[in-house]
Amino acid sequence: MYQIEDIKTVHLEVSSKCNAACPMCLRTVCGGELNKQLPLAEMSLTDIKQIFKPQFIKQLQRIYFCGNYGDPATAKELIEILEYFKSENPKIKLDLFTNGGLRSAKFWHRVGQLTRKVHFSIDGLGDTNHIYRRNTNFAKILDNCASYIMAGGEAVWDYIVFRHNEHQVQEAEALSERMGFKKFVVKKTGRFFSNSKSQGKDEQVVFDKNQNIEYSLQKPIQSRYQNQSLQKEQDLVEKYGSLGKYLDATPIDCRVVKESSLYIDASGHVFPCCWTANQLYPWYFKPKGSSIWKLLDKSGGLDKLNAYHSSLPEILSGDFFQKTLPQSWSCSSINDGKLKACAKTCGQEFNPFTAQFEKNETSPKIALQNPAQP
Ligand code: SF4
């Protein structure tokens, strides 16, 4: 793959903690109890200084704070961390992705002075946002957004469309314009997909903490809000016999090699991308049951990718990045060792992630989270 001197962008999960419980995020079991396999971790300024040496920060163009599990606003020393990156590289672009429901208006004012852009994930209005963004308060989110905008930050409103909020898209967009958001992004979620069954699904059940079904989330009815890649599933089944057979057959074109980016999770593990890292702790497999663990075993174990124990240059020049993972792309099938996450994300004919942003001018170049629940 690449070497350390090629890296221009880092996707950083500064914390795996979150105030919310979004039902399609693997941090919880369908919005209910916490995923017991997931380590709850956050980075301090000291941790960041250990991983990110000044010379490396200077070569970066962008760090975006997002992650598979956590909200960056849960990191206690987030402001100090942003200040550190800025002090080492004043030109660096610092972007954040958040539900906006944590911390004070004063905190978000300071974030507005330090970041280029914040994506606020707000999936509806006062009567609907909490249906997906469980445990968040809409009024507080808007206060925080307003404070961020007042400080001069470029605010983006990311809106995932479901059946329950598709009637409010225009109203939310108008509100975003009145408040001074720079962009409003309609996201056609690719998460109505079962990773364990390799097939699309029409609804997502939502559990309470005792694993009782509370309600379910439905896809939007209007086709303009539906994920076009998921719509293609039937064509691929006809062409290949099943979606699984398509994943076996498709060539892989690794997007992070082209984008010169890497991913670091809240425990300090370094992966090429969030999609591969997201295979570590799916609650619906037994611990270490997903196929990424086989690749890790072949290359010395997960600890070899831990940036608290090895330097970034050592990790990137090690077996996982240079041999085991790239070789897996040539395996003849998923059973033979090709990573399903790679076939699904970087294959040629099916990409629910990219299709989230189709026809949006504001499509981000680099990814957010992987489709999650089983
Ligand atoms: S999913 Fe695999 S192929 Fe795609 S960017 Fe990540 S490592 Fe590369």
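Note that these values count all heavy atoms, side chains included, but never hydrogens, waters or copies made by symmetry. Computed from a predicted structure; not experimentally measured. Counting starts at 1 for both ligands and their atoms, in listed order.
- Thr250 places no side-chain N or O within 3.5 Å of a backbone atom of Glu349 that could act as its donor or acceptor partner.
- A ring-centre distance under 6.0 Å is not found for Phe52 and Tyr84.
- For atom 4 (Fe) of ligand 1, the set of nearby N, O or S atoms under 2.8 Å includes one belonging to Cys346.
- Under a 4.0 Å criterion applied to the non-hydrogen atoms of Arg255, ligand 1 contributes the atoms 5 (S).
- Between Lys117 and Asp95, no side-chain nitrogen of the basic residue sits less than 4.0 Å from a carboxylate oxygen of the acidic one, so the salt-bridge criterion is not met.
- Lys93 and Glu154 are not joined by a salt bridge, as no carboxylate oxygen comes within less than 4.0 angstrom of a charged side-chain nitrogen.
- Of all protein heavy atoms, the one lying nearest to atom 2 (Fe) of ligand 1 is Cys342 SG, 2.4 Å.
- At the top of the distance list for atom 6 (Fe) of ligand 1, counting protein heavy atoms only, stands Cys273 SG, 2.3 Å.
- Distances below 4.0 Å separate heavy atoms of Val256 from the following atoms of ligand 1: 5 (S).
- Heavy-atom proximity to Thr276, at under 4.0 Å, picks out these atoms of ligand 1: 7 (S).
- With 2.8 Å as the limit, Cys254 counts as an N, O or S neighbour of atom 8 (Fe) of ligand 1.
- One finds a salt bridge joining Lys258 and Asp253 here, because a Lys/Arg side-chain nitrogen approaches an Asp/Glu carboxylate oxygen to under 4.0 Å.
- Hydrophobic clustering (ILVMFWY, side-chain heavy atoms < 4.5 Å, transitive): Met179 and Ile141 are in one cluster.
- Contacts between Ile252 and ligand 1 below 4.0 angstrom, taking non-hydrogen atoms only, involve the side chain exclusively.
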